Participant: 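One structure is given below, represented as structure tokens, and several questions about it will come after.
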Amino acid sequence: MTDPKLRVLISAEQIQTRIKELGAKISADYPSGNLHMICILKGAVFFMTDLARAMTRDVWVDFMGISTYGKGKSSSGEVRVTKDLDISIEGANVVIVEDIVDSGVTLNYLMHVLDQRKPRSIRIAALLDKPERRLRPVHVQYAGFQIEDRFVVGYGLDCAEKYRNLDDVCILEEQP
Ligand code: IMP
Ligand code: MG
């Protein structure tokens, strides 16, 4: 896809190499017990399917839908669960799989929601982390790449639902 507004920030090859490292690391950190990987729809689907296959142990996968009210480039800060988990996480080790942590509002909220369900542990795996944008504290144990405060699309990330199916993570340049 050629689009003059797009500039590759992280190539498909870099993404896949990093995901293999993360899969090995997470697998080593959980040598036993059930491990639930919870994918936050829709952006993290692409990362989830690659990360789950990079794991060297058995995992359960589940999905959660979160709406942050906002279809453009920023969310309003109001969070709502639009699709809940199918499998109970009580007593389980949980890894939340997210595309990007930006303000931290979404994951901060979700950690509180899931914590009430008494899992054994919860950690976060995010492909991208924009630490300088944080408004709420969120600790990302497994971060793929830390990036600057730029709006990015591709590999699951969208702008008003567009660009999710790009192989690379690209910076979306402002319109002149
Ligand atoms: P947070 O609640 O501000 O941390 O935002 C999390 C959500 O905002 C992510 O799951 C994305 O859906 C969206 N988001 C934040 N930054 C970007 C970006 O640069 N590109 C696309 N979506 C983004
Ligand atoms: Mg998202």
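Remember, it's 1-based here, ligands and their atoms both numbered in the order they're listed. All values below were derived from every heavy atom in this structure, side-chain atoms included, with hydrogens, water molecules and symmetry-related copies excluded. Count residues from 1 along the sequence. None of these values were measured; they are calculated from a predicted model.
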Participant: I'd like to check which ligand 1 atoms, numbered from 1 as shown, lie under 4.0 Å from a non-hydrogen atom of Glu98.
Facilitator: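 Going through ligand 1 atom by atom, the ones under 4.0 Å from Glu98 are 10 (O).
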
Participant: After noting the C-alpha distance and the side-chain angles of Glu173 and Arg150, does the key distance pass the salt bridge (charged side-chain N to carboxylate O under 4.0 Å, His left out) rule?
Facilitator: CA-CA 9 Å; Glu173 310 279 9; Arg150 301 299 302 271; 3.5 Å; yes

Participant: Would Ile66 count as a contact residue for ligand 1, given that I'm defining contact as a non-hydrogen atom of the residue lying under 4.0 Å from a ligand atom?
Facilitator: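 Heavy atoms of Ile66 never come under 4.0 Å of ligand 1.
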
Participant: Using a 4.0 Å heavy-atom cut-off, say whether Arg133 meets ligand 1 through its side chain, its backbone, both or neither.
Facilitator: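 The answer is neither.
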
Participant: Any atoms of ligand 1 less than 4.0 Å from a non-hydrogen atom of Thr106? List them with their elements.
Facilitator: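 Counting atoms of ligand 1 from 1, those under 4.0 Å from Thr106 are 1 (P), 2 (O), 5 (O), 6 (C).
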
Participant: Step through the shown structure and confirm whether more than 12 heavy atoms of other residues, nucleotides or ligands are within 6.0 Å of CD on Gln16.
Facilitator: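 Check passes, neighbour count above 12.
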
Participant: Tell me whether Val153 reaches ligand 1 (any heavy atom closer than 4.0 angstrom to a ligand atom).
Facilitator: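 In this structure, Val153 fails to qualify as a contact of ligand 1 - no heavy atom is under 4.0 Å.
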
Participant: If I apply the N/O under 3.5 Å rule, does Val152 come out as touching ligand 1?
Facilitator: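 Yes - when backbone and side-chain N and O of Val152 are compared with those of ligand 1, one distance drops under 3.5 Å.
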
Participant: Considering only heavy atoms of Arg150, which atoms of ligand 1 have at least one such atom less than 4.0 Å away?
Facilitator: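 Here the atoms of ligand 1 in question are 19 (O).
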
Participant: With no hydrogens and no angle check, is any side-chain donor or acceptor of Asp62 less than 3.5 Å from a backbone partner on Asp86?
Facilitator: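 Yes, Asp62 side chain to Asp86 backbone: donor-acceptor pair under 3.5 Å.
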
Participant: Can Leu6 and Leu166 be said to form a side chain to side chain contact (heavy atoms under 4.5 Å, CB included), step by step?
Facilitator: CA-CA 10 Å; Leu6 298 177; Leu166 298 174; 3.7 Å; yes

Participant: I'd like to know if Asp50 pairs up with Arg18 as an ion pair, taking the criterion as any Lys NZ or Arg NE/NH1/NH2 lying under 4.0 Å from an Asp or Glu carboxylate oxygen.
Facilitator: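 No.
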
Participant: Looking only at N/O atoms, are Gly104 and ligand 1 under 3.5 Å apart anywhere?
Facilitator: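 So ligand 1 has an N or O lying under 3.5 Å from an N or O of Gly104.
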
Participant: Is the closest heavy-atom distance from Gly43 to ligand 1 below 4.0 Å?
Facilitator: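 Heavy atoms of Gly43 never come under 4.0 Å of ligand 1.
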
Participant: Would Asp29 and Arg123 pass as an ion pair if we require N to O under 4.0 Å?
Facilitator: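 Between Arg123 and Asp29 there is a salt bridge, with a charged N closer than 4.0 Å to a carboxylate O.
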
Participant: Just jot down the ligand 1 atoms closer than 4.0 angstrom to any heavy atom of Lys130, in number order.
Facilitator: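 Atoms satisfying the 4.0 Å criterion: 16 (N), 17 (C), 18 (C), 19 (O).
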
Participant: Please test His139 against Ile124 for side chain to side chain contact (heavy atoms under 4.5 Å, CB included), starting from the C-alpha separation and ending with a verdict.
Facilitator: CA-CA 7 Å; His139 181 51; Ile124 294 170; over 6 Å; no

Participant: Hey, is Ile40 touching ligand 1 through its side chain, its backbone, both or neither, going by heavy atoms under 4.0 Å?
Facilitator: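 No part of Ile40 is near ligand 1 at this cut-off.
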
Participant: Drop me the distance from Met64's CE to Leu114's CG, to the nearest 0.5 angstrom.
Facilitator: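 Nearest 0.5 Å value for the CE-CG distance: 5.0 Å.
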
Participant: With heavy-atom distances below 4.0 Å as the criterion, list the atoms of ligand 1 near Leu157.
Facilitator: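 Once the distances to Leu157 are compared, the set is 21 (C), 22 (N).
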
